[in-house]
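Structure, as structure tokens:
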Amino acid sequence: MNTTCDVAIVGGGPAGLGAALELSKLGLRRVVVLERFGEAGGIPRHCGHPPFGMREFKRVLSGPAYARRLVQAAEDAGVEIRTDTTVTAIRPGGVLELATTAGAQTLTARRVLIATGNRERTRAQLLAPGVRPVGVMNTGALQSMVYLEGKRPFSRPVIVGTEIVALSALLTCRRHGIKPVAMVETRDRPQTRRIDMMLARLMGVPVLAGAEILAIEGRPRVEALRLRHKGEERRLDCDGIVFSGRFTPEATVARQSDLALDAGTLGPEIDADGRSSDPQVFVAGNVLHPVETAGHCWAEGRRAAQTIFRDLRKTPKLGAGARIVPGAGLRYVVPQRLGAGSAATLNIRTDGAVRGRVVLSDASGRELAARSVRSYPEQPVRLPVPALDSAALAGDLTLRLDRKD
Amino acid sequence: MARRFALEGARVCVLEAAPDILSGASKANSAILHTGFDAPPGSLELSCMQDAYDEYMEIREAMNLPVLETGAMVAAWTEDEEARLPDLLAQAQGNGVTDTRIISRDEALAREPALAGHVRGALLVPREHVIDPWSAPLAYATQAKALGAEFRFNAPLTGARRDGDTWQLETGAGSLMAKTVVNCAGLYGDKVEEILTGTPSFEIRPRKGQFVVFDKAASQHLRTILLPVPNERTKGVVLTRTAFGNLLVGPTAEEQEARDRPDVTTPELEMLISKAVELVPALQNMPVTAVYAGLRPASERKEYRVHADADLGYYCAGGIRSTGLTAALGIARHVFALWSESHSLAWSKPNDTMAPSMPNLAEHLPRDYQIPGHDGIVCHCEMVTAREIRAAFDSQLPPGDFGGLRRRTRCAMGRCQGFNCLGRIASLAEGKLRAPILPEDAS
């Protein structure tokens with residue numbers, strides 16, 4: 001087995017496979033994807049419903065079919081995909097420490113791309129109150145159970161959360177004869193476009209927004225979710241609870257490799273090229289910005305591949321640049337650093353629904369880019385930024401939200 | 001207790017109300033191996049802890065039980081607390097923990113650079129360490145089983161009658177005759193005593209302790225167990241590494257009625273997190289891996305409720321409100337000694353002690369995934385292999401429920417809490433647990 005390669009890609013989901021395919025197409029021969037599961041494809045593997053693949057394959061696919069096509073395309077292009085291979089750390093110099101079924105190994109790469117994706121926050125991370133019975137899980141666990149293992153963990157769950165993934169949980173339930181008791185949102189309104197919540201109505205699932213979770217009940221299995229809604233205490237009898245959404249980066253490799261992390265995303269911090277605080281390590285996909293669609297991550301992986309391909313001809317080094325400081329009402333901005341020379345698009349997430357204007361300005365107060373925003377919660381906000389001159393990059397850049405409410 | 005009596009040659013049966021061992025008070029503690037430096041002088045608790053500490057160190061190599069050598073610091077954060085350190089030192093010295101000493105603010109910060117700057121000094125207790133709180137008792141139980149002990153699960157004691165020199169016991173899993181009953185029923189100790197003797201001599205008053213487990217990345221910020229200067233009711237909030245590479249903060253101390261409801265509550269969890277950040281500021285924004293609560297079987301008095309009625313064939317190890325993980329081996333020795341005062345051994349000691357070698361789960365020692373041929377990692381957060389999960393099911397005391405499987409292997413105990421692996425685990429566990437992960441009708 002080779003112990004060196006041109007580009008090592010950590011994670012075989014849409015972003016990683018998109019990057020691998022693009023690097024192969026650009027003519028790079030030694031591209032290795034390191035996938036910790038027994039099969040590459042990422043989260044779409046257990047997302048057994050459409051729509052996937054419109055951007056990539058110009059047709060509507062289910063998650064598993066989409067994942068298979070991504071893998072097939074990469075393999076056809078000559079990408080080496082190593083499954084059952086966990087990257088435990090990335091050392092300076094592009095040295096990856098691997099855990100494999102054959103024991104510990106290392107792989108040295110000229111460049112590394114981290115594309116480890118994200119996951120939903122657990123009830124523990126949300127500090128949700130109550131006891132800890134069997135039957136509390138994330139959408140990811142529900143879907144891996146039904147789609148990968150053919151098992152049904154419950155028959156009348158409560159779904160907590162109303163992000164897009166909660167709709168995915170609803171669809172999963174519908175396909176498997178599971179009848180959700182309710183959707184519960186602790187924030188004051190559903191987190192998707194209002195029209196998306198039609199699905200819940202069609203399925204006859206009540207949506208309780210602005211609810212406060214009082215306790216998870218049951219032993220040994222889930223028996224109820226107690227909550228306060230519109231001033232009244234309610235007990236929703238159920239046999240499972242799905243904590244959906246509230247995504248957080250799967251940033252373990254980055255953290256264990258001592259890469260700089262961003263307090264807003266909790267993922268690695270990058271510049272406009274997608275370069276992390278290690279000059280040989282790039283980052284793409286949902287580990288940067290929880291959460292975007294598979295298609296978005298795939299496209300981002302391709303762009304990262306193009307940057308990496310160009311970078312291979314140079315000596316890797318951190319670019320000079322300025323940090324973007326997000327202000328009140330802004331949860332995060334990616335990239336976190338901008339350099340001179342080329343245009344970039346900022347990926348911004350607001351705290352909840354907003355109407356107003358986002359403005360990027362330099363240390364002197366000069367506006368560099370701005371746009372009006374009217375977003376639903378969790379909606380990605382993109383702000384194109386033109387190539388900046390060195391005067392603009394003299395100090396920290398400020399990103400602010402001017403509300404119009 | 002089962003291990004001690006089995007080692008001495010007794011025929012032992014363990015009646016467990018739950019589907020697995022360690023399902024009550026013992027599943028949730030701070031996993032510290034205590035020296036007894038702050039225990040009440042001259043107490044049974046102190047002697048049990050110290051006997052047990054020595055025995056643990058003696059047997060742990062053969063059983064492959066880990067010790068994470070951390071030491072502990074009782075840190076003083078106020079002038080008041082600082083003024084109490086000499087008393088604590090005197091108590092520690094009096095308790096025979098002679099290597100404790102007071103260290104200055106500078107020495108404390110040199111040892112733990114991530115501590116908040118307002119630390120004023122500390123009592124250093126070099127031999128307080130961290131252990132694996134589940135593998136150790138599982139090892140004791142496994143050894144008892146190997147020595148012939150019988151384990152009955154889902155077997156709460158429901159009735160008892162003394163017939164001459166024999167107990168006729170009714171349980172949730174059939175009846176049983178025994179010469180002697182040892183009450184180790186934890187949160188139900190008083191209830192079990194009531195069934196056996198008619199009137200309980202003590203009352204269990206559950207005291208809840210909530211904990212927050214931080215991501216493994218947190219453990220780089222603290223090496224030494226950080227203890228507060230204690231107050232009357234509790235040892236207070238502790239910040240400690242775990243054997244599994246995480247950092248733990250807790251417990252709270254909350255009196256409650258229910259014996260079967262170790263629930264977590266958001267404000268208290270938030271309080272623990274802010275306390276941890278106050279003491280170690282680098283923990284700001286540190287992701288949480290897990291939260292849990294345990295119920296300590298405290299009683300109306302502070303001390304252990306250990307007593308015996310030799311004529312009745314009844315022995316009680318009750319009210320072990322904390323320090324039970326440390327003291328278990330010593331309590332067992334003590335109760336066996338009590339028993340021996342009025343009983344002669346009708347049996348001979350086994351020639352082979354049948355000490356099991358436990359699978360290592362501690363992060364600072366080699367793990368199974370590092371050994372080739374493990375057939376793939378199932379749980380990536382905790383790096384648990386398919387081989388480890390199969391080994392747990394093939395072991396002498398296989399897990400009885402999902403919690404038991406988690407405690408034996410660490411699967412689904414990490415950051416994602418099963419987001420990635422729950423499906424696979426449910427498949428591997430199918431048909432093998434007394435309390436299944438999937439509902440009975442699932443297919």
Between A/Leu127 and B/Ile273, is there a side-chain heavy-atom distance shorter than 4.5 Å? yes
Okay, B/Thr265 and chain A: the region with an atom under 4.5 Å from a heavy atom over there is backbone
Of all heavy-atom pairs between B/Thr289 and A/Ala124, which one has the smallest distance, and what is that distance? O-CB, 3.8 Å
Can you tell which of B/Arg424, B/Arg415, B/Gln220 has the highest number of heavy-atom pairs within less than 4.5 Å of chain A? B/Arg415
Between chain B and each of A/Gln256, A/Glu217, A/His46, count heavy-atom pairs under 4.5 Å; write down the option with the most. A/Glu217
For the interface with chain B, which of A/Gly130, A/Pro220, A/Gly240, A/Ala215 has the highest count of heavy-atom pairs at distances below 4.5 Å? A/Gly130
More than 12 heavy atoms of other residues, nucleotides or ligands under 6.0 Å from NZ of B/Lys208: is that the case? yes
Part of B/Tyr369 lying under 4.5 Å from any heavy atom of chain A: both
Contact summary for B/Gly423 and A/Ser144, nearest pair of heavy atoms: N-OG, 3.8 Å
Quick one: what part of A/Ile213 sits under 4.5 Å from any heavy atom of chain B, side chain, backbone, both or neither? neither
Against chain A, work out which of B/Thr266, B/Val378, B/Leu269, B/Asp401 has the most heavy-atom pairs shorter than 4.5 Å and name it. B/Thr266
State, with a plain yes or no, whether a side-chain heavy atom of B/Arg261 is found less than 4.5 Å away from one of A/Arg219. no
Select one option (side chain, backbone, both, neither) describing which atoms of B/Ile425 are under 4.5 Å from chain A's heavy atoms. neither
Below 4.5 Å, heavy atoms only, C-beta onward: do A/Thr86 and B/Ile377 meet side chain to side chain? yes
Do side-chain atoms of B/His374 reach the backbone of A/Thr100 as a donor and acceptor pair under 3.5 angstrom? yes
Heavy-atom pair with the smallest gap, counting every atom of B/Pro372 and A/Ala102: CG-O, 3.4 Å
Mind running side-chain contact (heavy atoms from CB on, under 4.5 Å) on A/Phe154 and B/Leu438 for me, showing each step along the way? CA-CA 7 Å; A/Phe154 37 60; B/Leu438 297 165; over 6 Å; no
Counting heavy-atom pairs closer than 4.5 Å to chain B, which one of A/Gln143, A/Arg221, A/Arg255 comes out on top? A/Arg221
Under 4.5 Å from a heavy atom of chain A, the part of B/Arg367 involved: neither
With chain A as the partner chain, list the residues of residues 209-217 of chain B whose heavy atoms fall under 4.5 Å from it, by residue number, and write 'none' if nothing qualifies. B/Asp215, B/Ala217
Closest heavy-atom pair, A/Arg152 versus B/Pro439, reported as atoms and distance to 0.1 Å, is O-CD, 3.7 Å
Identify which part of B/Gln417 has an atom lying under 4.5 Å from any heavy atom of chain A, answering side chain, backbone, both or neither. both
Could you pull out the closest heavy-atom pair between B/Val288 and A/Gln125, with the gap in Å? O-CG, 2.9 Å
Given that the side chain runs from C-beta out, which part of B/Asp375 has a heavy atom under 4.5 Å from chain A: side chain, backbone, both or neither? backbone
Region of A/Leu148 that comes under 4.5 Å of a non-hydrogen atom in chain B: neither
Can you confirm whether A/Thr139 sits close enough to B/Phe419 that some side-chain heavy atom of one is under 4.5 Å from a side-chain heavy atom of the other? no
Counting only heavy atoms closer than 4.5 Å, note whether A/Ala128 contacts chain B via side chain, backbone, both or neither. backbone
Pairs satisfying salt bridge (charged side-chain N to carboxylate O under 4.0 Å, His left out), at least one member in residues 117-142 of chain A, at least two apart: A/Arg119-A/Glu250
Is the backbone of B/Gly376 close enough, under 3.5 Å, to the side chain of A/Thr101 for a donor and an acceptor to pair up by distance? no
Side chain B/His380, main chain A/Arg36, donor-acceptor under 3.5 Å: yes
Chain B contact via A/Phe37 - side chain, backbone, both or neither, heavy atoms under 4.5 Å: both
With chain A as the partner, which of B/Asn285, B/Ile371, B/Asp260 has the greatest number of non-hydrogen pairs under 4.5 Å? B/Asp260
If you count heavy-atom pairs within less than 4.5 Å of chain A, which of B/Cys416, B/Ala426, B/Ala290 leads? B/Cys416
With a 4.5 Å cut-off on heavy-atom pairs, point out which of A/Leu266, A/Thr252, A/Asp84 contacts chain B the most. A/Thr252
